[in-house]
Structure formats: C-alpha cells, structure tokens
S.K.: 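One structure coming up, written as structure tokens, with questions to follow.
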Protein chains: 2
Amino acid sequence: MTQPQINNWQAIQNEVLRRIHAREWPPGQVIPNEVDLAAEFGCARATMNRALRALADAGMLERRRKAGTRVALHPVSRATLDIPVIRQEIEDRGLKYSYNLIARNTATPLASLGPAQKALHVTALHCANAAPYAYEDRWINLSTLPEAANQPFTVINANEWLLMHAPFTHGDIRFSCMAVPAAHAKRLGTTPGTPVFVTQRTTWDHARTITSVRLIFAPGYSIHTTIGSPPLAD
Amino acid sequence: MTQPQINNWQAIQNEVLRRIHAREWPPGQVIPNEVDLAAEFGCARATMNRALRALADAGMLERRRKAGTRVALHPVSRATLDIPVIRQEIEDRGLKYSYNLIARNTATPLASLGPAQKALHVTALHCANAAPYAYEDRWINLSTLPEAANQPFTVINANEWLLMHAPFTHGDIRFSCMAVPAAHAKRLGTTPGTPVFVTQRTTWDHARTITSVRLIFAPGYSIHTTIGSPPLAD
DNA sequence: GAGTGGTCTAGACCACGGT
DNA sequence: CCGTGGTCTAGACCACTCG
C-alpha cells in the first residue's frame, strides 16, 4: 500500500515530525537524503527541502552537506519571543497607557554604549491605568543620532521616536531580576528590596550603537511565550 | 575577478532591508509585488519570494494575498530564544555539572497539570562546580507517562529522561522573578527574600500534558539573546 | 573525489481576499 | 472578479565537507 498522497510541505513536515516522535527516527539517527524522501513522498525535491529546512530551523533536525540530515540529539526548545513596544503591551491588555518623563540630560555614559561618546540620558516612567508599569533608564548615542538632541521626549516617548527615526539592524537583550533600589522603589509603587524583573537592551545600526536601555518592571511582571505550535489538525 | 554573488536570496534580502532602512520604503508602505521585484532584481519569482518570506518571518514585512506586501509599522523585535538543557548550559560555561535528587513521591498535583490526575512529584537541585545553580520542582503526568513511575531519578535527571523518552509537541514558558522562599534559600546558597529568576514551563504531547516544571535559579542568573543578525559583510 | 544539502530557474496552478 | 502571495515541479548547477 502506498502512502496517501501528501502534497504540501507542511503535511510532509508533520509526517516527518510523527516519525521523530514515534521513534521511527530516534535522536541522532541519520535520515534518508532529500532525493530518496522526495521519491517516497511523491513530491519534488524542492518541496522535501522546504519541509526539512523548516524543521532544521526549528531545531528538530541538524543538516550538513555530505553528512546528511539527522534528528537532533536534544530536540532543542527554541521559542520565538516578541519584544513588545511597551505602549502596545499595555494597550493590548485593555489598559490606558501613559508616559512621564523624569529626567533628560546630556552626559558621558558609563559603558553601555561603548567608548566614551556624548549621549543623551533619558529616564522615564511608563504607566498602565496611571499605575507604575516600568521605569526606563536609557542612553541614546548622539554620535549616531545627533537629531535626538532636539527631541524633548516629553510627549513622544524615546522608544517610539527611535522606532520611527532610527531603525536598528540588530540588538542584544538580557533578562534578569534584582532587588529594586531605594531610589526607584517609590516610583514603581513598591518598597526597596522587592524583587523586580529587568530587561537590558542595546541596539545597533550596523556597527553604530543607537541606544541602550534598561527597563525595570513593577512587581508581578512576567514574560510568556510558547515552544512549537499549538495542536493543529493532528 | 570574482564578483560577489548578486543573485542569491540573501543578497536580495539585504537590498530590501537597505531600502527599508534608508526609508526608500517607509513603514506602512506597500512595496512592489513579487513579479515586478523579481524582474527588477533579475531573478526568478521563487527567489524573490524566498527573500520576502524570510523578511516577513522576521517581522520586517507584512504580507497578505491581494493586498500585497508592506513594511511593518513597528519593525517588530523578534528574538529566538533557545531554552537550554541545564546540564549543557552549565557545561558550556566550562563548569562541572552535578545533580541531587531532593524528593520524589506520588501525589495529586495542584493545578499545573490540569484536572486532578496522578502525578509524580520530583524536586531536585542542579549544581555547577558543586555550587547551587537551580532548584527544580517538577510534576510528571503519570497518566501520560506511567513508565516514569519506575524511574528513580537519582542519577539521570528528570529533564533528560523525559527528553529521551517523551518528546513534546509543544510547550509554554513563563519567565518571572520572586523573592526566594525561606524553604529554598539555604539550598540555593542565599538568604530568604533575595530576588531570584524563575521559569515555569509546561509541555504537552499533542493534547496530553507531559510535565510541568518550575526552576528557581540561584541569584545572578540571567537570560541572554539577540535580535536580528550580527553585522555580516555589509 | 563524490555525495549531500543549498540554491536558482521558468513555468504552472491554486487560495485567499480586496474591490 | 481578479491581483497577489503560497506553493509545487522538474531540472540544473554549485558549495561544502566527509571519508
């Protein structure tokens, strides 16, 4: 009996996933090459390639020329994490977003932006329904973005201005936690020493640093994401 | 002399990125359709499709049939996050991994696994160079995985056993922080109330819950990731 | 050296969804 | 309706890398 005709690459992907799950192709095992699989599934090699490449991107397979394709030893958990714009994050929860600039001045940053350059230092508070949501401490590189010096950042927040005027090519994010410093506790509506979630993000335009920002979230904040896809028609 | 390949999809992708970046195609603008772009770049439509689809996957473009392709309004920051196996995470830092089972018993879980089912409750400590690294509190669904009842989990840790014997189809992760409870402070080599990073993860095999685990990391832990790709040959 | 995946092509049909 | 992206095909050449 031949396999039921499966034409699309996603169906082929599902079948490959099934074999991996069912241990027909256990972790570490080399699976047949694209040509043979394409023949088995009755599809073109390009279609087979698409299915296998997608699985490799997802971390389920490891592919190397000449060596072939093998099932990943540790079916890696790879999650895609959307870094939200704070305003959207708040409004998506049906809350009213507001923003308050705390301070804005020019200074020489510590180290976050690399070698001593002139930078704009902006601190602000993001609120949801008037309650503190996150404290922002940001450095903007004035060598890269001299026009930022003319921006007050009183109404338009720095993040949104930057998104509109200085898209980045790549970035770097770190998630951690700390005890909220006494200086910020009151602003965040909590008491010194309370554990708070912190994200530290730096973005570049090619080789130039654009901005480096630290967000300290009010207590209770968490990030949520998923691995793999929810149960489809399985 | 060898011209750099101008006809591969990555080069085309880079050129499209350049135009977005240079505001030749500002946010929200509809860009030409695949056929026209393929003609302009002198490539096949499939190649153009590959380049544009990759950018859409990365969140830079939004594509809809008939409506066409437009530059994303908020060049979304989409990071891919690799959820590491703890042993690897530790060994990758050149440290020696060790594992200590704290407790193991059968009970009815609270809610993490869904409606009351019999489950195995395992608590353990992961160490790096003999120093506490993370405290693990795990429930394993015995309805889905009855064979887990025969596993002592004294030498092989639960995560690795599960990876080998019960691959998941999808999962759900939450990152947060909290003050370390008095009951765990000593185990983690710290004092009660210290801020600690917490991950809560649940995994499924199709519709069945496999396991739900909470990891409390020793102070100082952070997660690092990147957005976009580091500066290539630009 | 030779086998494998990576990519490109030219053409085709289809599915979705604005108009 | 009909333009747009989504996908498939059959064939081809290339680049990497293992043995």
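In what follows, chains are A, B, ... by sequence order, proteins preceding strands, each numbered from 1.
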S.K.: Strictly below 4.0 Å, heavy-atom distances to any atom of DNA chain D: list the hits from residues 24-36 of chain B, or just say none.
M.R.: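 Within this stretch, N33(B), E34(B) sit under 4.0 Å of the strand.
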S.K.: For residues 168-177 of chain B, which residue pairs qualify under salt bridge (charged side-chain N to carboxylate O under 4.0 Å, His left out), counting only residues two or more places apart or in two chains?
M.R.: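 Residue pairs with at least one partner in residues 168-177 of chain B: there are none.
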S.K.: Quick one: which of dT7(D), dG18(C), dG3(C) gets closest to the side chain of Q10(A)?
M.R.: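 The answer is dT7(D), which lies nearest to the side chain.
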S.K.: Please state how far atom CH2 in W9(B) lies from atom P in dT9(C), giving the value in whole angstrom units.
M.R.: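 Going from W9(B) (CH2) to dT9(C) (P), I get 14 Å.
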S.K.: Can you see if the side chain of R64(A) gets near the phosphate of dC18(D) - specifically, an N or O under 4.0 Å from OP1 or OP2?
M.R.: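 Yes, because at least one side-chain N or O of R64(A) sits under 4.0 Å from OP1 or OP2 of dC18(D).
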S.K.: Could you work out how much the helix from dG1(C)-dC18(D) to dG18(C)-dC1(D) bends, comparing the axis of its first five pairs with that of its last five, to 10°?
M.R.: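 It works out to 20° between the end axes.
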S.K.: Who pairs with Q151(A) by side chain to side chain donor-acceptor pair (under 3.5 Å), at least two apart in sequence or on another chain?
M.R.: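 Testing Q151(A) for side chain to side chain donor-acceptor pair (under 3.5 Å), a comparison that skips the adjacent residues, returns none.
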S.K.: What residues form a side-chain contact (heavy atoms from CB on, under 4.5 Å) with R208(A), not counting sequence neighbours?
M.R.: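 Scan of R208(A) (side-chain contact (heavy atoms from CB on, under 4.5 Å), adjacent residues dropped) gives T144(A).
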S.K.: Quick check on side-chain contact (heavy atoms from CB on, under 4.5 Å): which of I140(A), T202(A), D205(A) does I210(A) satisfy it with?
M.R.: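 Of all the options given, the one that passes is D205(A).
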S.K.: Given atom CZ of R63(B) and atom P of dG6(D), what is their separation to the nearest angstrom?
M.R.: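 Nearest whole value for this atom pair: 5 Å.
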S.K.: What residue pairs, at least two apart or across chains, pass side-chain hydrogen bond (donor to acceptor under 3.5 Å, both in side chains) with a residue in residues 25-38 of chain B?
M.R.: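 Passing the test, one end in residues 25-38 of chain B: E34(B)-R45(B), E34(B)-N49(B), E34(B)-R63(B).
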S.K.: Would you please name every residue forming a side chain to side chain donor-acceptor pair (under 3.5 Å) with R19(B), sequence neighbours left out?
M.R.: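 For R19(B) the side chain to side chain donor-acceptor pair (under 3.5 Å) partners, ignoring immediate neighbours, are E15(B), E40(B).
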S.K.: Protein-nucleotides 10-15 of chain C N/O pairs closer than 3.5 Å?
M.R.:
unit_1  : atom_1 : unit_2 : atom_2 : d
dA12(C) : N6     : R45(B) : NH1    : 3.1
dA15(C) : N3     : R65(B) : NE     : 3.1

S.K.: Taking ring-ring contact (aromatic ring centres under 6.0 Å, His included) as the cut-off, I'd like each qualifying pair that reaches into residues 44-72 of chain B, sequence neighbours left out, listed once.
M.R.: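 For residues 44-72 of chain B: none.
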S.K.: Please give, in whole Å, the distance from dT7(D) C1' to L52(B) CG?
M.R.: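 So the two atoms are 15 Å apart, to the nearest Å.
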S.K.: Going by distance alone, is a donor N or O of one side chain under 3.5 Å from an acceptor N or O of the other, for S212(A) and Q200(A)?
M.R.: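 There is such a pair (donor and acceptor under 3.5 Å, judged by atom type) between the side chains of S212(A) and Q200(A).
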S.K.: Can you list the residues that meet the side chain to side chain donor-acceptor pair (under 3.5 Å) rule with H126(B), with sequence neighbours excluded?
M.R.: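 Per chain and number, H126(B) pairs via side chain to side chain donor-acceptor pair (under 3.5 Å) with Y97(B), E136(B).
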S.K.: Between K66(B) (NZ) and dC1(D) (C1'), how many Å, whole number?
M.R.: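 It works out to 8 Å between those atoms.
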S.K.: Any side-chain N or O of T69(A) less than 4.0 Å from the OP1 or OP2 oxygen of dT4(C)?
M.R.: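 T69(A) to dT4(C) OP1/OP2: no side-chain N or O under 4.0 Å.
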S.K.: Rounded to whole Å, how long is the line connecting atom CZ of R50(A) with atom C1' of dC8(D)?
M.R.: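 Rounded to whole Å, this separation is 11 Å.
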S.K.: To the nearest Å, give me how far apart CG (L37(A)) and P (dG5(C)) are.
M.R.: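 Interatomic distance, CG of L37(A) to P of dG5(C): 8 Å.
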S.K.: Under the rule for side chain to side chain donor-acceptor pair (under 3.5 Å), what residues qualify as partners of Q10(A), not counting sequence neighbours?
M.R.: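 Partners of Q10(A) by the side chain to side chain donor-acceptor pair (under 3.5 Å) criterion come out as none, since no residue qualifies.
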S.K.: Given atom CZ of R53(A) and atom P of dT7(C), what is their separation to the nearest angstrom?
M.R.: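 Result: 7 Å.
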S.K.: Determine: side-chain N/O of T47(A) to OP1/OP2 of dT7(D), distance under 4.0 Å, yes or no.
M.R.: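 No, no such contact exists.
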S.K.: Evaluate whether atom CG of L73(A) has more than 12 neighbouring non-hydrogen atoms of other residues, nucleotides or ligands under 6.0 angstrom away.
M.R.: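 Atom CG in L73(A) is packed in, count exceeds 12.
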S.K.: Once you round it to whole Å, what is the distance between C1' of dT7(C) and CG of N49(A)?
M.R.: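 N49(A) atom CG is separated from dT7(C) atom C1' by 8 Å.
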S.K.: Does anything in residues 143-169 of chain B pair up under salt bridge (charged side-chain N to carboxylate O under 4.0 Å, His left out), and if so which pairs, sequence neighbours excluded?
M.R.: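 Found R87(B)-E160(B).
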